[in-house]
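Positions are given from 1, in the same order as the sequence printed here. Everything quoted here is computed from the prediction, not taken from an experiment. All values below were derived from every heavy atom in this structure, side-chain atoms included, with hydrogens, water molecules and symmetry-related copies excluded.
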Amino acid sequence: MEKRSVQRVFVLDKNKQPLMPCHSARARELLKKGKAAVFRYHPFTIILKEREGGDTQPIQVKIDPGSKITGVTLVGDFKNGKKVIWGAEIHHRGQSIKKALDTRRGVRRSRRNRKIRYRIARFDNRKRSKGWLPPSLISRVENILTWIKRIRRFSPITGISLELVRFDTQKLQDPEINGIEYQRGTLYGYEIKEYLLEKWGRKCVYCGKENVPLEIEHIVPKSKGGSDRISNLTLACHECNQKKGNQSIEEFLTNNPERLKQIKSESKRPLKDTAALNATRWYIFNQLRGNSLTAGKEELPIEVGTGGRTKYNRETQNYPKKHWIDAACVGESGQNVQIEPDMQVLEIKAMGHGMRRMCFVDKYGFPKSYRPKERTYMGYKTGDIVLAVIPKGKNMGIHIGRIAIRHRPSFLLNGVGDVHPKYLTLLQKNDGYGYQIS
């Protein structure tokens, strides 16, 4: 069985002030001797019963913002160098928010068009404040800010490092753009190949090979009228690139129509992920520097770095491509960081806090059922993390997971199935996130 290095455990003194994170073995010893108690399950935090205050060392929280996944790490500056002591990846729910808003808009529009009580359109009365962002983007920003605030409560952070990534969408769409046309757009950012690596998953689109040198490939060869537009570019390994030559993609993939269809669909994918990063990068920076994070506390110095610098630091240290590793390599401070690639990482998935919709509708927009007003049952709420000790049956044993309540004594436990509430012990109340150690 592969042995993985364990993350450090957050430690609080008896006044709930953060101390230096400790090794998991040390935390087990303190808990066993009764000198500490579990304060929080995710991220795992203990609180000391007698100790007050203590010496701390510099710790920097490093952030690699992403459209779908954001990497976060804590890097301690010790005598023997900088070392990653904790890592996490935050999975955002921007796409699900966008989908829910589209559904709501469709229902409202259909309701206005039916021959029923007229509903006055109110969108003409709306005014957007300065710096407004759509809900799907605000969700991403708030996830990051929420976790930086939490980490600061549990660990003595002395600095923040943030990647201010910028994609040049104009240059990606038209590499030959120049003059006044270019000056009206975003002026600089990632190379085209770096964008293609992220878009196509860092693997050959034809054979699926990973961790091999990849070359930029024209879907429609230039000899047959193909251009350098980003929608006509993909990535291929050297063997596939040579084998395809100047064939069209239809000729090369004659025997694989499913893959042909997938590549054509993917090549036309809009640049919405890059636009999301461009729209939120300075918003995140200003919020980290503003009162939303520093209320009642000393303002932390913020280091910023580019995406190119992050990639350079990661490749010169021969670290694999992962979001949390990218976070550790952000900025100048990411040059000489000790990282254990097999380190356990906390997967944090944004789940939301439920929904406000009281009435469910059918495909025609007419009511079909109503949601119960009570969000709790027998003291539990959907999203609570519980310990289940089941004495008999097919699910006999000890389980820990996230529950979904029903308004009857039969809850759904993640990864187990139906569980009676009498077998459950609450470990952590719902905070809008799901957790998994990977």
Handout entry: Pair Lys35 + Glu50: basic N to acidic O under 4.0 Å
Key = no
Exercise for the section: Keeping the roles fixed (side chain from Asp384, backbone from Tyr380), state whether a donor-acceptor pair exists under 3.5 Å. Expected result: no
Exercise for the section: For the pair Arg259 (side chain) and Val205 (backbone), establish whether a donor and an acceptor sit closer than 3.5 Å, ignoring hydrogens and angles. Expected result: yes
Completion exercise
One should read off an interatomic distance between Ile400 CD1 and Thr425 OG1, to the nearest 0.5 angstrom, of 10.0 Å
Exercise for the section: Kindly check if the number of other-residue, nucleotide or ligand heavy atoms within 6.0 Å of CZ (Phe360) is above 12? Expected result: yes
Practice task
Check step by step if side-chain hydrogen bond (donor to acceptor under 3.5 Å, both in side chains) holds for Glu347 and His91.
Solution key: CA-CA 8 Å; Glu347 299 282 344; His91 297 253; 2.5 Å; yes
Practice task
Examine distances only and state if a side-chain atom of Gln338 and a backbone atom of Asn80 form a donor-acceptor pair shorter than 3.5 Å.
Solution key: yes
Problem - Note: Lys62-Asp326 ion pair, threshold 4.0 Å (strictly below) - result: no
Exercise for the section: Go through Tyr433 and Lys349 one step at a time and tell me if the side-chain contact (heavy atoms from CB on, under 4.5 Å) criterion holds. Expected result: CA-CA 5 Å; Tyr433 296 91; Lys349 185 177 181 181; over 6 Å; no
Practice task
Indicate whether the side chain of Gln428 and that of His42 have a donor and an acceptor atom separated by less than 3.5 Å.
Solution key: no
Handout entry: Spacing of CD belonging to Glu299 relative to CG belonging to Leu288, to within rounding of 0.5 Å
Key = 10.0 Å
Problem - Separation of Ile160 CD1 from Glu303 CD (nearest 0.5 Å) - result: 11.0 Å
Exercise for the section: Looking only at non-hydrogen atoms, find the nearest pair between Val72 and Ala327 and report the distance. Expected result: N-CB, 4.0 Å
Practice task
Quick one: pull up CZ in Arg51 and CG in Leu19 and give me the separation to the nearest 0.5 Å.
Solution key: 5.5 Å
Handout entry: Minimum-distance pair of heavy atoms, taken over all atoms of Cys237 and Cys207
Key = SG-SG, 3.7 Å
Problem - Thr376 side chain to Gly379 backbone, donor-acceptor under 3.5 Å - result: no
Exercise for the section: Give the minimum heavy-atom separation between Leu424 and Ile403, together with the two atoms involved. Expected result: CD1-CG2, 4.4 Å
Completion exercise
Between Val212 and Lys209 the two heavy atoms that sit nearest each other are CG2-CB, 4.0 Å
Problem - Carboxylate-amine/guanidinium proximity below 4.0 Å for Asp77 and Lys83 - result: no
Exercise for the section: May I ask you to check whether over 12 heavy atoms, not counting those of Phe285, lie within 6.0 Å of atom CZ? Expected result: yes
Exercise for the section: Run the salt-bridge test on Lys32 and Glu29 with the 4.0 Å N-O cut-off and return the result as yes or no. Expected result: no
Problem - Arg93 backbone acceptor or donor facing Ser96 side chain under 3.5 Å - result: yes
Handout entry: Check: Arg402 and Asn430 side chains under 4.5 Å, non-hydrogen atoms
Key = yes
Handout entry: Residues, nucleotides or ligands: over 12 heavy atoms within 6.0 Å of Lys243 NZ
Key = no
Problem - Asn313 backbone acceptor or donor facing Thr316 side chain under 3.5 Å - result: yes
Problem - Verdict with supporting geometry, Lys321 and Glu210, side-chain contact (heavy atoms from CB on, under 4.5 Å) - result: CA-CA 11 Å; Lys321 169 64 180 176; Glu210 298 184 72; over 6 Å; no
Handout entry: Whether Arg406 side chain and Ser410 backbone form a donor-acceptor pair below 3.5 Å
Key = yes
Exercise for the section: Check Pro18 against Phe154 and note the closest heavy-atom contact, atom names and distance. Expected result: CB-C, 3.6 Å
Handout entry: Note, Val419 side chain near Leu413 side chain (heavy atom, < 4.5 Å)
Key = yes
Practice task
Evaluate the criterion side-chain contact (heavy atoms from CB on, under 4.5 Å) for residue pair His238 and Gln242; output intermediate values, then yes/no.
Solution key: CA-CA 6 Å; His238 180 73; Gln242 293 297 315; 3.6 Å; yes
Practice task
Look at atom CD of Glu332 and say whether more than 12 heavy atoms of other residues, nucleotides or ligands are closer to it than 6.0 Å.
Solution key: no
Practice task
Check whether any side-chain heavy atom of Ser333 lies under 4.5 Å from a side-chain heavy atom of Val75, and answer yes or no.
Solution key: no
Handout entry: Close side-chain approach of Ile398 and Leu387, heavy atoms under 4.5 Å
Key = yes
Handout entry: Evaluation steps, salt bridge (Lys or Arg N to Asp or Glu O under 4.0 Å), between Arg314 and Asp64
Key = CA-CA 13 Å; Arg314 173 170 49 81; Asp64 174 39; over 6 Å; no
Problem - Min side-chain heavy-atom separation Ile263-Ile249 under 4.5 Å - result: yes
Exercise for the section: Give, for atom OH of Tyr206 and atom CG of Leu235, the distance between the pair rounded to the nearest 0.5 Å. Expected result: 10.0 Å
Exercise for the section: Determine whether more than 12 heavy atoms belonging to other residues, nucleotides or ligands lie under 6.0 Å from atom CG of Asn211. Expected result: no
Practice task
For Asp102, look at atom CG and say whether over 12 heavy atoms of other residues, nucleotides or ligands are found less than 6.0 Å away.
Solution key: yes
Exercise for the section: Return yes if a side-chain donor-acceptor contact under 3.5 Å exists between Thr158 and Gln60, otherwise no. Expected result: no
Handout entry: Where Ile47 and Lys16 come nearest, the two heavy atoms and their spacing
Key = CD1-CG, 3.9 Å
Practice task
Return yes if some donor-acceptor pair links the side-chain N/O of Asp13 with the main-chain N/O of Gly53 below 3.5 Å, else return no.
Solution key: yes
Exercise for the section: Without swapping roles, check the side chain of Gln7 against the backbone of Gln344 for a donor-acceptor pair under 3.5 Å. Expected result: yes
Handout entry: Inter-residue atom distance Phe39.CZ - Ile46.CD1, 0.5 Å rounding
Key = 12.0 Å
Practice task
May I ask you to test the Thr280-Pro65 pair for a side-chain heavy-atom distance under 4.5 Å?
Solution key: no
Practice task
Give a yes or no answer on whether the side chain of Glu163 reaches the backbone of Ile63 with a donor-acceptor pair at less than 3.5 Å.
Solution key: no
Handout entry: Heavy-atom check, side chain of Trp324 versus side chain of Val84, under 4.5 Å
Key = yes
Problem - Close side-chain approach of Pro409 and Tyr377, heavy atoms under 4.5 Å - result: yes
Handout entry: Distance-only side-chain donor-acceptor flag, Gln335 / Tyr312, under 3.5 Å
Key = no
Handout entry: Neighbour count above 12 (heavy atom, 6.0 Å) for Met358 CE
Key = yes
Handout entry: Residue pair His92 / Thr70, side-chain donor-acceptor N/O under 3.5 Å
Key = yes
Practice task
Step by step, work out the side-chain contact (heavy atoms from CB on, under 4.5 Å) result for Leu197 and Leu214.
Solution key: CA-CA 9 Å; Leu197 286 169; Leu214 298 174; 4.0 Å; yes
